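Throughout, a chain's letter reflects where its sequence line sits, starting with A, and its residues are numbered from 1. Side chains included, hydrogens not; waters and symmetry mates left out as well; all remaining heavy atoms used. Values in this document were obtained by computation on a predicted structure and should not be read as measured data.
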Amino acid sequence: MTFWERIYFPAILNGMRITFGHLFRRKTTVQYPEVKREFSDIYRGKHVLKRDDEGRERCTACGLCAVACPAEAITMVAAERKPGEEHLYREEKYATVYEINMLRCIFCGDCEEACPKEAIFLTKEIVKSEYERGKFIYGKAELVEPSDPARRIDISKRQTPEVLAFKKNKKFKHNK
Amino acid sequence: MLASFILVLSLLVAMYSTLIERKVAGWFQDRHGPNRAGPWGLLQPLADGAKLFFKEEFMPLSADKFLYILGPSLTMFIALLTSAAIPWGPDLIINGAAYPLQVADVNIGILYVFAILSIGVYGIMIGGWASNNKYALLGAVRASSQMISYELAMSLSIITIVMMTGSLSMREIVAQQQGFNWNIIYQPLGFLIFLICAFAETNRAPFDLPECETELVGGYHTEYSSMKLGFYLFAEYINMFISGAVMATLFLGGYHFPGLDKLGLSPNVFAFVSFMVLFTKITLFGFIYMWIRWTLPRFRYDQLMKLGWKSLIPLAILNVVVTGVVILLNQ
């Protein structure tokens, strides 16, 4: 080491110059309650179970989402549609129980990709924190979107033409 | 009256130093720092204080009860004592009588300050020892050896000031630095040595080995909680404030500022402005303390000892000799 390196002072002053420069940098903090971080339109957050245009549940309880789920977070119980329930369920079979364990879910979006009925989508909403583990098991009450047309959840950003084209492609195993 | 004012001032400054430290730390790391309690986080120190008071008062079973309580009390007491000898400004004139802005104008002011500073190590030593914890003891041992080592170089760098002014009175030293006749111009090396030693004496980074979280959990205050811990942390900030005041007094001309005495201000306004000048200088030192803390990593223990004994003390002695020769030649 040279004399100047050995007495450290030039190095210390240089370090102080660098830290001083940081004083005037733009702060990277997002001031949370006032400012919310912009989410991408195709953010993969909380799931929604879609209804069709007439307000009927699209899900037919085929179980492909549960099979596709790498975290095994999805369970469901299927039931047959009774006469007179046509305005509630689109297909002849529907899910009486549909549960996603949000603590297991890794928000990969495979369920959405596997779904042949365009019934499950991931949304920009994030899963809320809870005080008890049990509350993270979301049932149909939390997942199915409201039937009121004004409060329907828009998933058109995730359902792009490319996605639809991809889903029609029968050469992929999970689209069969 | 003045004494209680300075006591309250030191406590207030220490309180807000904790906030400023966290703010400055944030800015250095491209963050905002605390800004939720009150506007700009101004109520944060109160919230911290309230939190410390309501924390559980824990005392280890094997601790020596008397010494365990004596430790933080002594640290706080000594930290507050030093400010007595510092001249805070020129005389106030009230009803024709002059009131010096100094609690005690002892003619051996420097000796007093250094005597008190040396006792400061007892608070840490006693606290660390009484906790009956190996980390606390190690921290305390480190603190005492560090403070003793750096006190030598510190005193030696002050001797040059005493040689130049020919007085041990803080007031006299400030008076001789009137205008821009500051000691730092004549003693840059002495100032540098004093600054480094002040970092070591106040246990601030990069010399914060006594509390060194990475090795010693919390160092000497590992076993302390609640307001006893608060006292230790508080005392560190008071020490920063006081050492800034000592440095400003000895090297940066105290409450003097070039051209200020030629403005023709009335005595009391002049005293107030002078006090603010001194306060600004102290704030500057406070900022340098924080700046260094968030720039430099901690020294290793052997590096610390090597720097103290093999670099600073020889340099300080050399400085004394050179100053002596120059003074002799100028006579």
Side-chain angles (χ1 to χ4, degrees), chain A residues 1-46 102-103 105-108 122-136 138 142 157, chain B residues 20-41 153 188-189 191-196 199-200 204-207 283-300 302-304 306-308 310-316 318-319:
Chain A
M1 284 200 287
T2 63
F3 172 74
W4 286 110
E5 282 169 354
R6 226 179 4 237
I7 64 167
Y8 291 122
F9 267 103
I12 287 174
L13 290 179
N14 194 31
M16 288 173 76
R17 188 180 58 76
I18 290 170
T19 42
F20 196 77
H22 276 266
L23 277 185
F24 310 104
R25 291 261 184 101
R26 207 172 60 83
K27 314 293 180 223
T28 49
T29 317
V30 177
Q31 303 271 357
Y32 170 61
E34 296 92 39
V35 185
K36 290 198 173 134
R37 185 186 291 279
E38 278 276 321
F39 276 46
S40 158
D41 282 328
I42 51 164
Y43 184 83
R44 294 198 298 256
K46 199 184 107 177
M102 292 299 178
L103 289 178
C105 178
I106 58 170
F107 302 97
C108 60
L122 272 60
T123 62
K124 269 165 87 170
E125 236 178 284
I126 53 171
V127 176
K128 300 225 163 38
S129 49
E130 302 280 0
Y131 287 105
E132 288 156 47
R133 279 158 184 262
K135 289 188 179 163
F136 281 104
Y138 281 20
E142 289 87 3
K157 285 277 166 27
Chain B
I20 294 167
E21 167 104 61
R22 292 172 63 188
K23 275 278 187 196
V24 168
W27 295 334
F28 275 129
Q29 298 167 358
D30 301 342
R31 296 184 285 113
H32 289 280
N35 61 355
R36 293 287 136 172
W40 306 290
L189 182 64
F191 172 71
L192 196 63
I193 294 170
F194 193 94
L195 186 70
I196 295 171
F199 279 100
R204 291 281 300 182
F207 302 104
T283 316
L284 181 77
F285 276 114
F287 178 71
I288 292 176
Y289 268 114
M290 291 165 194
W291 189 2
I292 294 277
R293 174 170 176 188
W294 297 105
T295 304
L296 297 184
R298 188 180 291 122
F299 274 86
R300 215 170 52 217
D302 60 312
Q303 291 171 329
L304 172 94
K306 203 176 143 200
L307 176 70
K310 286 172 143 181
S311 312
L312 291 183
I313 291 179
L315 268 179
L318 185 75
N319 197 26

Part of A:F9 lying under 4.5 Å from any heavy atom of chain B: side chain
Winner by heavy-atom pair count (cut-off under 4.5 Å) against chain B, out of A:R25, A:H22, A:R26: A:H22
Taking the side chain as everything from C-beta on, heavy atoms only, tell me whether [X] gets closer than 4.5 Å to [Y].
{"X": "B:W294", "Y": "A:T19", "result": "no"}
{"X": "A:M16", "Y": "B:W291", "result": "yes"}
{"X": "A:I12", "Y": "B:T295", "result": "no"}

Pair B:R36-A:Q31, side-chain donor/acceptor within less than 3.5 Å: yes
side-chain contact (heavy atoms from CB on, under 4.5 Å) between A:K27 and B:W27, worked out: CA-CA 8 Å; A:K27 314 293 180 223; B:W27 295 334; 3.5 Å; yes
Heavy-atom neighbours of A:L103 CG exceed 12 at 6.0 Å: yes
Atom OH of A:Y8 with >12 non-hydrogen neighbours under 6.0 angstrom: no
Value rounded to 0.5 Å, distance of CZ in B:R31 from OG1 in A:T29: 7.0 Å
Part of B:L307 within contact of chain A (heavy atom distance under 4.5 Å): neither
Whether A:F20 and B:F287 hold their rings parallel, tilted or perpendicular, with breakpoints at 30° and 60°: perpendicular
